[in-house]
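As a basis for the values below, the full set of heavy atoms in this structure was taken, side chains included, without hydrogen atoms, waters or symmetry mates.
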Amino acid sequence: MKKLLLAILTIFLLATCKSIPQQAKTTTLVKEDWAMLDFVKVDSINPILVPQSSQMFNSPISNKTVQWEQRNVLNPSAVVREGKVYLIYRAQDNEMTSRLGLAISDDGLHFKKQGNPILYPDNDNMKDYEWKGGVEDPRIVEREDGTYVMTYTAYDGKVARLCLASSKDLKTWTKHGLVLTDNKYKDLWSKSGAIVCQREGDKIIAVKIKNKYWMYFGDTDLYLATSDDLIHWEVALNEETQKMISVLHPRMGYFDSRLVEPGPFALLQKQGIILIYNGSNASNFNNPNIPKFTYAAGQALFDKENPYKMIDRMDTYFIHPDKPYEKTGEVNEVCFVEGLVFFKNKWFLYYGTADSKIAVAVKE
């Protein structure tokens, strides 16, 4: 009997020892080699921006004074300029018209808002696309010559369209119109343009790959566009079908089972192009560990020579709603990441919470 027990124990130990290297290999988080993890929410001050009814603005279209951020502030982009963080954020009035505001910080945490919006629906050639829904969800990068280029969404109340604007000082902006200018695409729902960049000190500079700038865009699925100058863009198409090619799509059973949408710029690193993206959980065939329709953020890695080729993707989110101000608001259960800066030797991630307020998380 003892011999039998000894034999069984020996077999068990041998099997266990053999399994250890295999187990270690399969559970090692290879994604830590490339993904930007370990962001910590700054609970002591979050949310860092909230709506203020005292912010007044005369709408050039309605010719009325409006409380332009009375209802919500959300979904900010950010850049570092002259030792300060400039946060450009979406704000909504009580009629749900969106405009873009500006807040400035010396430490990346405490912000002072400017009195008037910096981009808004006006009596210009974009009025038909921007009124009355407004301008939404900015993403800002810097060109090599110091010009700032911003992708944003124009919303007429029915269709969202991806647009561009540029600025030298982050306060005065020139609108450049639609990104999808072809007649067969200009009335297509499109938004959320994340341009491929690289970090140079505390600046995030748009970078060319194979003599082209690249941009991921879309919601539900993500697509690609290329440009020579960051202003005029050409969509990547399937030559046979002439349809846009999806490079990232929702996954049944995961946190991003309903849709995917870009977060901030895409960051070129030695391992590849890191795309932080927002995912929404479907009502079925979803991740059962979080509520349906939850917005949480994940990351994907694309080939640095071939930005259309995905080479890795996180299986789960790295930030999700777990605070009261993230779980309840205009839209419940939302962490929507959109702003990222490298400032004072740290990464600052800015995100909208429940489509109502703005918060920050920091990575040392």
Side-chain angles (χ1 to χ4, degrees), residues 39-53 67-77 87 89-101 133-139 153 155 157-158 160 189 191-192 218-222 249-264 276-299 314-340 349-361:
F39 283 95
V40 178
K41 298 175 182 178
V42 188
D43 291 332
S44 60
I45 60 170
N46 277 336
I48 58 171
L49 252 64
V50 298
Q52 287 181 281
S53 59
Q67 296 166 299
W68 61 277
E69 61 162 63
Q70 183 176 21
R71 189 177 183 109
N72 299 305
V73 294
L74 63 158
N75 299 5
S77 185
L87 194 74
Y89 62 95
R90 175 183 171 189
Q92 290 179 312
D93 63 23
N94 269 343
E95 294 186 359
M96 299 298 284
T97 299
S98 293
R99 300 172 180 88
L100 300 185
V135 296
E136 307 176 356
D137 297 2
R139 291 165 175 83
T153 300
Y155 184 53
K158 296 180 180 179
W189 184 283
K191 58 188 303 191
S192 307
D219 65 344
T220 306
D221 287 89
L222 299 194
H249 53 268
R251 299 174 291 181
M252 294 175 68
Y254 291 81
F255 75 98
D256 49 13
S257 48
R258 178 169 170 250
L259 62 80
V260 291
E261 185 171 346
I276 295 175
Y277 69 92
N278 299 287
S280 179
N281 203 30
S283 59
N284 60 349
F285 305 113
N286 59 15
N287 181 333
N289 298 319
I290 53 176
K292 64 181 182 180
F293 306 134
T294 292
Y295 275 84
Q299 299 179 37
M314 291 178 62
D315 291 333
T316 190
Y317 44 78
F318 73 97
I319 189 170
H320 74 289
D322 61 359
K323 311 296 181 184
Y325 54 85
E326 299 167 342
K327 297 179 74 64
T328 304
E330 186 74 45
V331 180
N332 294 339
E333 304 288 350
V334 174
C335 285
F336 195 91
V337 301
E338 202 165 304
L340 181 66
L349 182 70
Y350 301 98
Y351 61 100
T353 68
D355 278 11
S356 304
K357 301 176 178 67
I358 291 170
V360 62

Practice task
Decide yes or no on side chain to side chain contact (heavy atoms under 4.5 Å, CB included) for Leu49 and Tyr350, but give the supporting numbers first.
Solution key: CA-CA 10 Å; Leu49 252 64; Tyr350 301 98; over 6 Å; no
Exercise for the section: Fit a plane to each ring of Tyr317 and Phe255, take the angle between them on a 0 to 90° scale, and name the class: parallel (under 30°), tilted (30 to 60°) or perpendicular (over 60°). Expected result: perpendicular
Practice task
Taking the side chain as every heavy atom from C-beta outward, state whether Gln92 and Thr97 have any pair of such atoms under 4.5 Å apart.
Solution key: no
Problem - Spacing of CG belonging to Leu87 relative to OG belonging to Ser77, to within rounding of 0.5 Å - result: 8.0 Å
Problem - Working for side chain to side chain contact (heavy atoms under 4.5 Å, CB included), residues Asp355 and Tyr295 - result: CA-CA 10 Å; Asp355 278 11; Tyr295 275 84; over 6 Å; no
Practice task
Determine, stepwise, if the pair Phe336 / Glu261 fulfils side chain to side chain contact (heavy atoms under 4.5 Å, CB included).
Solution key: CA-CA 9 Å; Phe336 195 91; Glu261 185 171 346; 3.5 Å; yes
Handout entry: Minimal non-hydrogen separation, Ser257 against Phe285, with atom names
Key = CB-O, 3.5 Å
Exercise for the section: Measure from the side-chain N and O atoms of Thr353 to the backbone N and O of Tyr325, and report whether any donor-acceptor pair falls under 3.5 Å. Expected result: yes
Exercise for the section: Determine the minimum heavy-atom distance between Asn72 and Pro51, stating which atoms define it. Expected result: CA-CG, 3.7 Å
Practice task
To the nearest 0.5 Å, tell me how far Tyr155 OH sits from Met96 CE.
Solution key: 9.5 Å
Problem - Side-chain donor/acceptor of Asn281 to backbone N/O of Ile290, under 3.5 Å - result: yes
Exercise for the section: Over all heavy atoms of both residues, which pair between Pro262 and Arg139 is shortest? Give the atoms and the distance, please. Expected result: O-NH2, 2.7 Å
Handout entry: Distance, nearest 0.5 Å, that separates CD of Gln67 from OG of Ser53
Key = 5.5 Å
Practice task
Before giving the answer on side chain to side chain contact (heavy atoms under 4.5 Å, CB included), spell out for Ile319 and Phe39 the whole-Å C-alpha distance, their side-chain angles and the decisive distance to 0.1 Å.
Solution key: CA-CA 8 Å; Ile319 189 170; Phe39 283 95; 5.6 Å; no
Completion exercise
Taken to the nearest 0.5 Å, the spacing of Asp137 CG from Ser98 OG works out to 7.5 Å
Practice task
Give a yes or no on whether the backbone of Leu259 and the side-chain of Ser280 come within a donor-acceptor separation of less than 3.5 Å.
Solution key: no
Problem - Closest non-hydrogen atom pair, Lys327 against Asn332 - result: O-CB, 3.1 Å
Exercise for the section: To the nearest 0.5 Å, tell me how far Asn75 CG sits from Glu338 CD. Expected result: 5.0 Å
Exercise for the section: Give me the one residue out of Asp256, Val337, Asp219 that meets side chain to side chain contact (heavy atoms under 4.5 Å, CB included) with Asn278. Expected result: Val337
Practice task
Work out which heavy atom in Glu326 is nearest to a heavy atom in Ala354; give both atom names and the distance.
Solution key: O-CB, 3.7 Å
Problem - Distance-minimising heavy-atom pair for Thr220 and Arg258 - result: CG2-O, 4.5 Å
Fill in the blank from the handout: Rounded to the nearest 0.5 angstrom, the CG-OG1 distance for Asn289 and Thr316 is 8.0 Å
